[in-house]
There are 2 protein chains.
Amino acid sequence: MFAAVSTETSDAVRKTLEFVRHHRLSKGDRLPSERDLSERFGVTRGSVREALAVLDAMRITERKPKSGIYLRNELEDSGLDALVLQADLGLPFDAQVTRDVTEARILCEEQAFRLACQRRTDADLAKLDQLLDTYAALVANGSNLADEDVAFHLAVVAASQNRVLVRTLTPLMLMSTGWRRRYFASAEIRQRSLIDHRAFVVAIEARDEATATMLVHRHVQTAAEDVRALAEQGATDSDSKD
Amino acid sequence: MFAAVSTETSDAVRKTLEFVRHHRLSKGDRLPSERDLSERFGVTRGSVREALAVLDAMRITERKPKSGIYLRNELEDSGLDALVLQADLGLPFDAQVTRDVTEARILCEEQAFRLACQRRTDADLAKLDQLLDTYAALVANGSNLADEDVAFHLAVVAASQNRVLVRTLTPLMLMSTGWRRRYFASAEIRQRSLIDHRAFVVAIEARDEATATMLVHRHVQTAAEDVRALAEQGATDSDSKD
DNA sequence: CTACCAATCTGGTAGGACCAGATCAAGGCG
DNA sequence: CGCCTTGATCTGGTCCTACCAGATTGGTAG
């Protein structure tokens with residue numbers, strides 16, 4: 001969202017989050033005044049207020065009239081949307097968050113895939129086949145698979161006929177766009193990914209819950225491990241870069 | 001968040017969402033200009049811009065410079081945070097969303113409870129016992145159980161040692177604060193809720209995964225059914241009122 | 001009918017102003 | 001010396017005006 005177009009507002013959001021982290025502020029701590037922040041960041045008070053409106057809506061900060069701006073949560077305890085924002089802004093996650101995201105994804109996707117097996121319609125299958133085709137095409141010419149991968153996984157989840165589940169998994173997928181992008185640099189991995197996805201569709205078409213959950217578990221787990229290995233090689237380069 | 005203090009910004013958010021729904025705008029449609037909206041809503045352009053910053057961050061709208069404001073998603077396809085916001089603002093959900101939330105909660109909480117059985121620490125148990133005490137006290141004097149219920153459930157999830165899972169379930173819990181509030185009006189239900197919660201803790205302490213998942217499934221399911229029954233009796237009063 | 005140009009509209013940003021409650025320090029009173 | 005009143009100051013909430021530059025659009029000239 002914000003990553004695409006760099007506005008003063010998104011700058012202010014980023015700088016505010018950086019300020020909070022840099023000064024190691026924790027729950028209840030007070031931030032500088034809007035006027036102060038606008039000076040620090042070199043933007044108008046209006047832009048700062050827009051940023052604070054966003055942080056407020058995300059329950060990261062709380063603006064107390066005539067008093068000040070207070071941190072509502074530890075930055076690490078903020079909502080998923082805030083983590084997605086963090087990823088969008090190019091701020092790194094710590095290793096624990098990364099592990100937790102992977103685990104949560106596996107748990108939720110397993111359940112979603114199970115439901116998808118039970119409820120998938122022919123339309124869902126058609127959609128998946130279509131996505132598989134474009135996926136294969138992208139694998140062939142070596143384009144950016146990251147977005148298409150997300151789309152595919154979410155399409156499978158959508159086959160569960162539970163839209164809340166889709167929305168639940170969306171941020172979990174979006175948070176890992178950073179890894180995903182580097183992950184798909186390898187041609188071998190791209191190929192394997194396509195094979196896995198094909199297996200997904202087969203299992204879902206056959207309504208084979210056991211295989212489906214097994215597949216998703218293995219798929220996400222091995223992907224996470226590969227990414228971890230990549231991260232260790234890649235030394236200190238920040239995760240979640242967009 | 002916004003429900004507590006009624007600001008011009010939150011008004012603008014609410015009115016914008018109402019505008020979208022009232023005019024049946026769908027993905028890609030263009031909203032009136034900021035200046036126009038500020039006139040309609042009777043607030044400053046600044047307040048409108050704050051509201052749009054929030055809606056932008058939630059991926060509901062997209063502001064294209066020198067062009068206009070466009071709807072990014074159908075209102076029904078927006079993120080979970082947007083649904084929480086919707087609940088906060090007192091806007092109703094449709095029945096499907098309600099069912100989906102319940103199902104998603106059950107799926108995720110079952111998994112979280114399972115992990116909690118495996119990983120709960122003594123500190124977690126202590127925390128749960130403490131929450132159970134305050135819960136019992138509130139049941140006794142008939143106070144508002146809604147918030148405490150959320151806190152308890154999230155504390156159990158937290159015992160899974162997966163903070164992302166907590167953040168995933170938080171919006172699912174928050175979205176149902178409306179029902180919850182009416183739900184706990186019945187003294188019998190309060191009492192039964194306490195018993196259920198006690199059983200949770202016992203199962204988690206014993207690391208009894210099977211019982212724990214069974215309990216949470218039954219707990220949430222029956223609660224959802226009770227709420228549905230209430231809603232049918234309560235005729236057309238809107239859900240999710242805060 | 002087409003091509004081009006200018007008026008208009010749009011979001012992005014800036015800067016100033018006022019309000020009223022919160023905060024805090026100085027001063028006065030006991 | 002300590003407590004309480006009081007006033008200056010700070011804060012977020014809101015409003016207003018203004019300018020910029022690209023997008024849009026309408027009309028005019030060819």
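Naming convention: chains lettered A, B, ... in sequence-line order (proteins, then strands); numbering from 1 in each chain.
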Can you give me every donor-acceptor pair (side chain of residues 127-137 of chain B, partner residue at least two apart or in another chain, under 3.5 Å) with its distance?
unit_1, atom_1, unit_2, atom_2, d
B/Thr134, OG1, B/Leu131, O, 2.9
B/Thr134, OG1, B/Glu148, OE2, 3.0
B/Tyr135, OH, B/Ser193, OG, 2.5

Separation of C/dT13 atom C1' from A/Arg49 atom CZ, nearest Å, is 16 Å
Between CD of A/Glu62 and C1' of D/dG12 the distance, given in whole Å, is 13 Å
B/Glu50 versus B/Thr9, side-chain donor and acceptor atoms under 3.5 Å
yes
Check your understanding: Can you find a side-chain donor-acceptor pair between B/Asn73 and B/Ser78 that sits under 3.5 Å?
Key -> no
Using a heavy-atom cut-off of under 4.0 Å over every strand shown, decide if B/Leu52 touches base, sugar-phosphate, or nothing. nothing
Atom CZ of A/Arg63 and atom C1' of D/dT11 are separated, to the nearest Å, by 12 Å
Contact class for A/Gly46 vs. all strands (heavy atom < 4.0 Å): base, sugar-phosphate, or nothing?
-> nothing
Check: B/Asp100/A/Gln161 side-chain N/O donor and acceptor closer than 3.5 Å: no
To the nearest angstrom, the CZ-P distance between B/Phe41 and D/dC15 comes to 13 Å
Quiz item: Is it true that a side-chain atom of B/Ser186 and a backbone atom of B/Ile189 form a donor plus acceptor pair closer than 3.5 Å?
Solution: yes
ring-ring contact (aromatic ring centres under 6.0 Å, His included) filter on B/Phe19, not counting sequence neighbours, yields B/His23
A/Lys66 atom NZ is separated from C/dA20 atom P, nearest whole Å, by 8 Å
Numerically ordered, the residues 24-40 of chain B set in heavy-atom contact under 4.0 Å with DNA chain C is B/Arg30, B/Ser33, B/Glu34, B/Arg35
A/Glu50 CD to C/dG11 C1', in whole Å, measures 10 Å
Taking C/dG15, D/dT14, D/dG12 as options, the one with an atom nearest any side-chain atom of B/Thr9 is D/dT14
Within the structure, does a side-chain N or O atom of B/Ser67 lie under 4.0 Å from either OP1 or OP2 of D/dA23?
no
Scanning both residues in full, the closest heavy-atom pair of A/Val166 with A/Ala158 reads CG2-CA, 3.6 Å
inquiry  = Looking at A/Arg45 and C/dG16, is any side-chain donor or acceptor paired with a base atom of the opposite kind under 3.5 Å?
reply    = no
Of A/Tyr70 and A/Gly42, the one whose closest nucleotide on DNA chain C sits nearer the 5' end is A/Gly42
